[in-house]
Structure formats: C-alpha cells, structure tokens
There are 2 protein chains.
Amino acid sequence: MEMPTNRQLECFAAVFETLNFRQAAEKCYISQPALSAQIKQFEQLLGILLFERDKRRVLPTAAAKSLFPKVEKILRDTRILAEDSHRFGEPFSGTLRLGVIPTVAPYLLPKTIRSLHREFPQVRLSICEDHTERLVESLEEGDLDVLLLALEADLGSAETIDILSDPFWLVVDSKHSLAKRQRIAFEDIAQENILLLDDGHCLRDQTLEICNRVTAKGSDDFRASSLPTLLEMVAGGLGVSLLPEMAIESECRPGRGLTPLPYGDISPFRTIGLAFRASSHRQPEYNLLADLLRREM
Amino acid sequence: MEMPTNRQLECFAAVFETLNFRQAAEKCYISQPALSAQIKQFEQLLGILLFERDKRRVLPTAAAKSLFPKVEKILRDTRILAEDSHRFGEPFSGTLRLGVIPTVAPYLLPKTIRSLHREFPQVRLSICEDHTERLVESLEEGDLDVLLLALEADLGSAETIDILSDPFWLVVDSKHSLAKRQRIAFEDIAQENILLLDDGHCLRDQTLEICNRVTAKGSDDFRASSLPTLLEMVAGGLGVSLLPEMAIESECRPGRGLTPLPYGDISPFRTIGLAFRASSHRQPEYNLLADLLRREM
DNA sequence: TATTCCAATTGGAAGTTCCGATCGAACTGA
DNA sequence: TCAGTTCGATCGGAACTTCCAATTGGAATA
C-alpha cells in the first residue's frame, strides 16, 4: 500500500485552508503548477476527488472535509516530533545512565550528583552500582551510557577518560606497631595479614597485585563485602588493609581506632576514570562530566 | 522549519525494529545504501544521532527510543488516513446532502429513502426542503450535493438528469360542473378561478404559465403555502387547481370531496429530475440515484 | 472590449533517491 | 591462520521526482 507524502499532506492542507491554489502554493513556497501536481498525485493515490475545481473557485468535497482534521493532526505531530528531538542534541538531555563500582560510589557520587544537577539541571541521572565485570557487560549491551570506575580492570572495547590517580594508603588499627610511623614503604606489609574484599571487587584484584609485588599474601580467611565492613575487621585487629585515598576521610574518622598511613611518592594507585562505548558519539558530554568530577576533588 | 519525510520515518522505524540495516532496507523495499542515506538525512535534520553503529551491530540511542513510539503513531495515522479515504471512493459514501422542493418531497421521498437505504446501506442522507431558488443557491455554495426538483425552473449553471414527466391533473370539488366529465381539455379552465400556491413555489409559476396559454387567470385572492392547504380550498369550493400526478393519490383520497380530472394525451407536465454542480464529479452516483427514483414510480 | 484572475498544462531544468559495485572491518568455521 | 560471510558506509551514475517559467483558456470584472 502506497503512502501519501508529507508534501502532499501539506499541499492539501494549504489548499483546504485557502481554497485558492495560488495562495496555497505561496504558503508552501512552491509554484502553483507544482502544487496542482501535488494535489493531483494525492487525489490519485487516495482514489478520490478532494476539491471540485471550476474556472472560478475551489470547493472541498465531503472527503476533503473529513480528511482535513486528520491531515492537520499528522502534520502537527510530525512538526512536534522534529522540534522535540532537537532537545536531545543538548548535552545531558534525557537520562544519563551511569554505572559505578562500590568502592567509588559512596565517596564521589554524593558531591557529584549535586553539582551535576546544579550545572545541568535538565539531566536525569540513573545510577547502577555493581562490579566492574557486570558494569562493562551492561555498557556493551547499551543498558548503561557511561561507567565511573578504576581503569586498571579489563574494560573490553570501551573508550576511557582519565579523571584522577587515587593512591592507596595502608590502614592499620591504632594499636598496631606501624601506627606510630610517619611514613611507610612497600615492604612493610610483607609480614602483615592483608584483608581483602569479596571476589568481583576490582579493589581486591588491585590489592592482590600489589601484594604480589612484595611477595606479601592476602588473607583467605575473611572476605568483606564492603569497605566499611573490611575496616571493622581492621579495627578489630584481624589484619591490615589498603584503602584508596578518596575513602580515607569518610572511613577513618577519628575515634574509630584506625590509623591511615600514606605511602611516599612512589605510592601504588588506581586510576579512576570514565568508560563508554566507542560508538556512542557522546564523548563531549563525558568530557564535561570528567571535568566536573576533577573539580570535585 | 524543515519537516521529516515519511520515507525517513519509515526507514527509521524499520531500522529501530530490526536493528539491522540490511533487513530494514528489505522491509522498506529499497537497497541498503539508500536506507543508510535516509537515516543519515533524518539524523541531520533532527540534529541528533539515532543509532550507534559500529562494525558489528546497531544500537538505538536514547533519542531513538523516545522518538520511536511517536514515529510509529504518525505512520499508523497516515496509513489509516489513506485506507479510510478509499471508502469515499465508493458510491454514496458519507453523507448525501439532498435538496427537494415541497411539491415533490412528500410524494417521492418516503419510498425513495427506504429503498436508498436498502440498496446503499452506507449512505447517510441529509434532506433539505425548500423552494427552487434557495436550493439552487445552496447547491452553488456547496452546501447541498444534489437537488430533486422540477427542471423547468432556472437552475443556474447546474447540470441535470431527467427522471420522469409528471403530468398535471385538474382537481375540482366533487360538486363542480366538470366533475362528471371523463376527460377535459385545456380550454375548460379558462373560466375557472384557479387557485395558486405562495410565491417561490415553482409549481405556482408553472401553473401560471399554463394559464397564460389559455388566457385563464390565476386567483390573487388566496395563496396556499402547501398543496394540502390548497386542496382544502378547492374542496371548499373556492376554485380549482392543477395538481401534479404524483400528488393525486395521496391528496385526492376518496371522501375528501375532490375529483381529479386527467388531461388527455397532450397534458401539460413538469419534468422532475436531479440537478448538481457541473464540477462535482459525482454524476455516476446521481445516475444511480435517478435510476432508483424511476423504479419507484 | 480589455483586464484580471484562476487552475491546468507543457517542456525542460534541478534536485532527489535509488541501485550496483565496492570497501574495510569484524566475526565464523575450517 | 585463512577463506567466507556479514556488517554498514561510500561512490558514481541511472532513474525518477519535483519544480519552475511560460502559456493556455475560461470566467469574472470593469
């Protein structure tokens, strides 16, 4: 079944409104013969006569009268469609679906969400907290737009933007022998019982990697499902832990019995950044987002 | 403001549904490059990206997801528009606006309406009863589609279809001296007081015209606004009247004190027929209507 | 009678849409 | 690892639409 053209509908509406081919043509910014042809085409397509024309005037048929409101609605809808869609061109229009890992979310998001809403009031944020592997999966499926995570992990084919280096601190309980030291070195942890997060946390893998460098061994006896839990175990004297700097302030509040110890200049670190599909074409937006996150630090 | 074409919408919908340019192209009966071009155009028109394409797959953007339902609705509405309008092509679709003169309506319409509904159930009839002059005006304005009337009157530029010749009878009161005659002649009315309808009735003009031929004179003392009233006056002995044959049966029922007298072979008559705008293009329908009216006689 | 206005038509220019062929990248199976 | 397949993008030219300027002829106007 053949479909009428939008131009045919426009011409029809113009003629119906003016009842004058010449004026209607002007309204459509085409010549009168072109308009005549469009109307003729439209009539042939529908198999009916839309206007009775004699030499002195133009009269809409019953069919034209009944069609006109519908045609007008279609044209209006189409116009609105085009106008509405322009909004999508602006940065952060619509919903931004953000994936974040659990060892970043609590420390960066609260401030970020607030300033994002301040700078781009139109944004609607949808946040998903999960492990790197599942986030990357969702990203590739198109269920998420952008990830905020440690870039050391395997991110598949995603493109990335660096935001900041997040150095690791050593956290010991305040009664620990290392607690009085001003500064520590890699090798100091070689003899310690290093507590780890559950499988799946990239922080676990990074900690293990660092342990390997100094032939230290992570503890297999306990696995915490979150950093607060992990630090409870440290405070309880079960072992020590590596903690990203961004988490120090909120996790090692005074009186919790924890002492955070910075490494020197050669501190191990993780790189926090954004990841997104190479095909997404929204990199300008993600750069804006990265800028905003950097400013938050 | 530029408008998207229907083809762009179709292509967009097809790609959105299949997420595969090749299949979508097949669905639209065009080649894949042509489809690619349509999508590209549409994206440029809207100023946004609709699909993320990489070498292995196609992913709709948030904008595409939000646009799709609207696009689908527009396409559906457009299709329905085209389909619906085909109904207008069938004879007597929609409303047939019929004008009838008062000296025809009561005698022809009841039967006609019934059989019209029987043969063309889809017809919706709108009837307007008025004098010839106003009917012709309405016809020319496009407020009526077709008239059923006596074709002797001035019908402007309307085209006409003859339906039947409607001979005049002479009607006298049963005590009148002519009432016993089997047959009468023109000249018999020359001495009579001939009663007339109001101004505007074409039957009045026709009667006067016949009077002129025999130098009879119409009465100016009484004017009836309808045939039943006129015949009451005849029955009351105020004069005689010419009555169209189609009205005889219902107006001169036995016991009403009226005697209808037929003229011979050379009876005067009026011609009943249809009139419509030359530009209307519905002559085939009006021919059907005329056939139906002839069969009713 | 001359002028104006109208829609239709014509012929040719301008613009579009389309297709086939091809490309390069990325999977698939041998 | 290598041929075969599949994907969307691109290109050049063919086919087709759409358009305009000029004109026609009928009707209304003056």
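We name chains A, B, ... by the order of the sequence lines, and we start the count at 1 in each one. Small disclaimer: the values here were computed from a predicted structure and weren't measured.
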**Prompt:** When rounded to the nearest 0.5 angstrom, what distance separates CD1 in A/I272 from CD1 in A/I161?
**Reply:** 14.0 Å
**Prompt:** For the side chain of A/A34, counting heavy atoms from C-beta on, which of C/dA7, D/dC19, C/dC18 is nearest?
**Reply:** D/dC19
**Item:** Pairing of A/R213 and A/E209 as salt bridge, 4.0 angstrom limit
**Value:** yes
**Request:** Could you tell me the separation between the CD1 atom of B/I39 and the C1' atom of C/dT17, rounded to a whole number of Å?
**Result:** 14 Å
**Request:** Please state whether the phosphate of C/dC5, meaning OP1 or OP2, lies under 4.0 angstrom from any side-chain nitrogen or oxygen of A/N20.
**Result:** no
**Message:** Considering every strand and a 4.0 Å limit on heavy-atom distances, what is the contact class for B/R7: base, sugar-phosphate, or nothing?
**Reply:** sugar-phosphate
Indicate every side-chain donor-acceptor pair of residues 119-130 of chain A with a distance under 3.5 Å to a residue at least two apart or in another chain.
| residue | atom | partner | partner atom | Å |
| --- | --- | --- | --- | --- |
| A/E119 | OE2 | A/R295 | NH1 | 2.8 |
| A/Q122 | NE2 | A/P91 | O | 3.0 |

**Prompt:** Do the side-chain N or O atoms of B/S36 get closer than 4.0 angstrom to the phosphate oxygens (OP1, OP2) of D/dA9?
**Reply:** yes
**Asked** So how far is it from B/L81 CG to A/L9 CG, rounded to the nearest 0.5 Å?
**Response** 6.5 Å
**Prompt:** Please give, in whole Å, the distance from C/dC6 C1' to A/E52 CD?
**Reply:** 16 Å
**Prompt:** To the nearest angstrom, how far is B/Q38 atom CD from C/dC19 atom P?
**Reply:** 10 Å
Quiz: residues 135-143 of chain B side-chain donor-acceptor pairs under 3.5 angstrom, not counting sequence neighbours:
| residue | atom | partner | partner atom | Å |
| --- | --- | --- | --- | --- |
| B/S138 | OG | B/R134 | O | 3.2 |

**Item:** Sugar-phosphate, base or nothing in reach of A/Y29, heavy atoms under 4.0 Å
**Value:** sugar-phosphate
**Item:** Protein-nucleotide distance (A/N6, atom CG; D/dT18, atom P), rounded to Å
**Value:** 12 Å
**Request:** Using a cut-off of strictly less than 4.0 Å, decide whether A/K40 has a side-chain nitrogen or oxygen near OP1 or OP2 of C/dT9.
**Result:** yes
**Message:** Let me confirm one number: the CZ-CD distance from A/R7 to A/Q38, rounded to the nearest 0.5 Å.
**Reply:** 6.5 Å
**Message:** Expected output is a numbered-order residue list: members of residues 58-66 of chain A with a heavy atom under 4.0 Å from any atom of DNA chain D. What is it?
**Reply:** none
**Message:** Among residues at least two apart in sequence or on other chains, which ones pass side chain to side chain donor-acceptor pair (under 3.5 Å) with B/Q41?
**Reply:** B/Q8
**Message:** Tell me the interatomic distance from B/F42, atom CZ, to C/dT17, atom C1', rounded to whole angstroms.
**Reply:** 17 Å
**Asked** Looking only at heavy atoms, what is the nearest atom pair of A/A82 and B/P4, with distance?
**Response** CB-CD, 4.1 Å
Check: protein-nucleotides 21-24 of chain C nitrogen or oxygen pairs below 3.5 Å:
none

**Request:** Kindly point out which of D/dG8, D/dC19, C/dC18 is positioned nearest to the side chain of B/R53?
**Result:** D/dG8
**Request:** Take the protein atom CD of A/E26 and the nucleotide atom P of D/dC20, then report the distance between them rounded to whole Å.
**Result:** 12 Å
Nucleotide N/O of nucleotides 13-17 of chain D paired with protein N/O under 3.5 Å:
none

**Request:** Evaluate the side-chain contact (heavy atoms from CB on, under 4.5 Å) criterion for residues A/R282 and A/L96: first the C-alpha distance (whole Å), next the side-chain angles of each, then the deciding distance (0.1 Å), finally the verdict.
**Result:** CA-CA 11 Å; A/R282 294 178 73 178; A/L96 182 72; 3.9 Å; yes
**Fill in**
In whole angstroms, the gap separating P of C/dT16 from CG of B/L45 amounts to 13 Å
**Prompt:** Above 12 or not: heavy atoms from other molecules or residues under 6.0 Å from CD of B/E159?
**Reply:** yes
**Message:** side-chain hydrogen bond (donor to acceptor under 3.5 Å, both in side chains), that's the test. Do A/T271 and A/E152 meet it? Break it down for me.
**Reply:** CA-CA 7 Å; A/T271 306; A/E152 282 78 11; 2.9 Å; yes
**Message:** Quick one about A/S165 and A/R270 (side-chain donor to acceptor, distance below 3.5 Å, no hydrogens or angles considered), yes or no?
**Reply:** no
**Prompt:** Can you tell me how far C1' of C/dA7 sits from CG of A/L19, to the nearest Å?
**Reply:** 14 Å
